[in-house]
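Some notes on the structure that comes next.
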Amino acid sequence: MPELPEVETTRRGIEPFLSGQTIARVNVRESRLRWPVELPDHLSGSVVKSVARRAKYILIETATGALIVHLGMSGSLRVVAPNDAPRLHDHIDIEVKHGQWLRYNDPRRFGSFHFVEHPSAQHWLLKNLGPEPLGNEFSGDYLFATSRKRKVAVKNHIMDGKVVVGVGNIYAAESLFRAGIRPSTPAYKVSRLAYRFLAEAIREILANAINVGGTTLRDFVGSDGQPGYFKQSLNVYGRQGEACNVCQAQLKLQILGQRSTVYCPTCQTFSGWKRPVC
DNA sequence: ACTGGCTCCTGAGGGC
DNA sequence: TGCCCTCAGGAGCCAG
């Protein structure tokens, strides 16, 4: 389940392989992804100028436009040799002139491929996205300002891509734990101070995960394309019923916005002015 | 303008 | 061992 750190790790992994190279051909074996894959013929022969990222979208930018790739829930990209037989769910090959191919695999087909002519930021998938969590626009004050009239749970607020991008279910839960905030607290009830802790927690946790992912980059090419740093220590996600790492209280499960949410009932009580001890 | 619920899909995991 | 059932999850879409 690629979250932002995995997408960024993927981007870093494929960038040196694609940048400056000419796309020889794009072979779509299965076009039924989240939206039908329709790519223009003129992709063949274009030179890749850069491999960028916006939210969880990977932007492969060429002279004539940009390929917008989303990994969905189960998508991955890996570099393979041309004679490498496609495996189950290997849906798309991007054949690069220097020999090796970039291969997209996605069992659940929640991912997507689009091509858009410049400027890609105006594409309908990208134009309504909120700021990057690791960028300068994002801060506790920003979260506070955007939440004043919002009654949704604070967890749903930070998972809303129009508010801030790249905070998925796992990192939302972990950030709220780090900040000591109860996930179900209505967004408008969370204080400016609490949002400052939360924004800092989001930045630290995402940045750390990207760093950890970076250490596995050497295994990226030729592997299964999974960054594989997922075993990183999680304090709450997936740990319902277990003991809190900080206070030993039993972690609780709550469904918020159709998403499982685990939190510590003791540590996560902060929404106002005084942060709890643990 | 907001909000919650639905949807796509497959594989993992639990129960028997 | 094997089958069946349930559920997870990103994010756009739509109805209320």
Side-chain angles (χ1 to χ4, degrees), chain A residues 1-11 28-38 53-59 68-77 86-92 104-114 116 122-133 143 145-176 183-190 202 206 209 224-228 230-231 234 236-242 251 253-262:
Chain A
M1 50 202 86
E3 294 237 11
L4 188 97
E6 288 160 284
V7 177
E8 176 60 19
T9 298
T10 296
R11 185 197 72 75
V28 180
R29 214 172 278 109
E30 171 61 86
S31 63
R32 294 174 302 167
L33 300 189
R34 173 149 197 200
W35 293 282
V37 179
E38 294 167 5
R53 180 185 60 74
R54 176 73 176 102
K56 292 179 186 168
Y57 294 96
I58 292 173
L59 311 174
I68 304 174
V69 180
H70 199 290
L71 302 178
M73 253 283 303
S74 56
S76 63
L77 287 162
R87 301 179 225 168
L88 189 63
H89 307 308
D90 279 345
H91 303 315
I92 296 174
Y104 178 75
N105 179 286
D106 187 0
R108 295 186 190 173
R109 310 209 313 262
F110 280 14
S112 65
F113 269 67
H114 286 86
V116 60
Q122 294 311 308
H123 190 265
W124 62 276
L125 284 172
L126 307 178
K127 65 182 181 187
N128 291 322
L129 294 175
E132 291 286 330
L143 279 181
T146 51
S147 64
R148 288 310 80 196
K149 290 181 178 175
R150 297 206 71 191
K151 295 173 186 169
V152 289
V154 58
K155 174 165 178 268
N156 297 342
H157 187 64
I158 61 174
M159 287 181 68
D160 184 340
K162 291 188 286 299
V163 174
V164 58
V165 301
V167 182
N169 201 34
I170 299 169
Y171 292 106
E174 294 298 317
S175 303
L176 286 159
S184 57
T185 313
Y188 75 95
K189 285 192 177 175
V190 177
I202 290 171
L206 287 176
D224 60 2
Q226 306 292 339
F230 212 49
K231 1 180 150 94
L234 298 172
V236 285
Y237 180 80
R239 296 192 62 231
Q240 60 270 27
E242 297 179 32
L251 299 178
L253 175 71
Q254 183 178 18
I255 304 298
L256 293 173
Q258 282 93 275
R259 291 288 174 265
S260 307
T261 306
V262 185

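Keep in mind it's a predicted model, so treat the numbers as computed, not measured. Sequence lines set the chain letters: A, B, ... in the order given, protein chains first and strands last, and positions in each chain run from 1.
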query = When the nearest nucleotide of DNA chain B is assigned to A:Pro107 and to A:Gln258 on a heavy-atom basis, which residue is associated with the more 5' position?
reply = A:Gln258
ask   = Can you find a heavy atom in the side chain of A:Pro183 that is under 4.5 Å from one in the side chain of A:Gln254?
value = no
query = Is there a side-chain contact between A:His89 and A:Asp106 (heavy atoms, below 4.5 Å)?
reply = no
key: Qualifying residue for side chain to side chain contact (heavy atoms under 4.5 Å, CB included) with A:Val163, from A:Val152, A:Asn156, A:Leu143   = A:Leu143
key: A:Lys155 vs A:Asn169 side-chain heavy atoms within contact, under 4.5 Å   = yes
task = Kindly indicate, with the supporting measurements, whether the criterion side-chain contact (heavy atoms from CB on, under 4.5 Å) is fulfilled by A:Val28 and A:Phe113.
result = CA-CA 10 Å; A:Val28 180; A:Phe113 269 67; over 6 Å; no
Parallel, tilted or perpendicular: ring planes of A:His91 versus A:Tyr104, cut at 30 and 60 degrees = tilted
Letter per nucleotide, 5' to 3', of nucleotides 11-16 of chain C [B base touched, S only sugar-phosphate touched, - untouched; heavy atoms, 4.0 Å] = BBS---
ask   = To 10°, what angle do the rotation axes through the five end pairs on each side of the helix from B:dC2-C:dG16 to B:dC16-C:dG2 form?
value = 50°
task = Go through the steps for A:Leu256 and A:Ser184 under the test side-chain contact (heavy atoms from CB on, under 4.5 Å), then give the verdict.
result = CA-CA 7 Å; A:Leu256 293 173; A:Ser184 57; 4.1 Å; yes
remark   = Closest heavy-atom pair, A:Arg54 versus A:Leu129, reported as atoms and distance to 0.1 Å, is NH2-O, 3.2 Å
note = Rounded to whole Å, the CZ-C1' distance (A:Phe110 to C:dA8) equals 9 Å
task = Dump the intermediate steps for side-chain contact (heavy atoms from CB on, under 4.5 Å) on A:Leu126 and A:Tyr57, then the final yes or no.
result = CA-CA 8 Å; A:Leu126 307 178; A:Tyr57 294 96; 3.6 Å; yes
remark   = chain A reaches DNA chain B, atoms under 4.0 Å from its heavy atoms, from B:dT3 to B:dG11
task = Let me see the working for A:Glu3 and A:Leu206 under side-chain contact (heavy atoms from CB on, under 4.5 Å), right down to the final yes or no.
result = CA-CA 9 Å; A:Glu3 294 237 11; A:Leu206 287 176; 5.8 Å; no
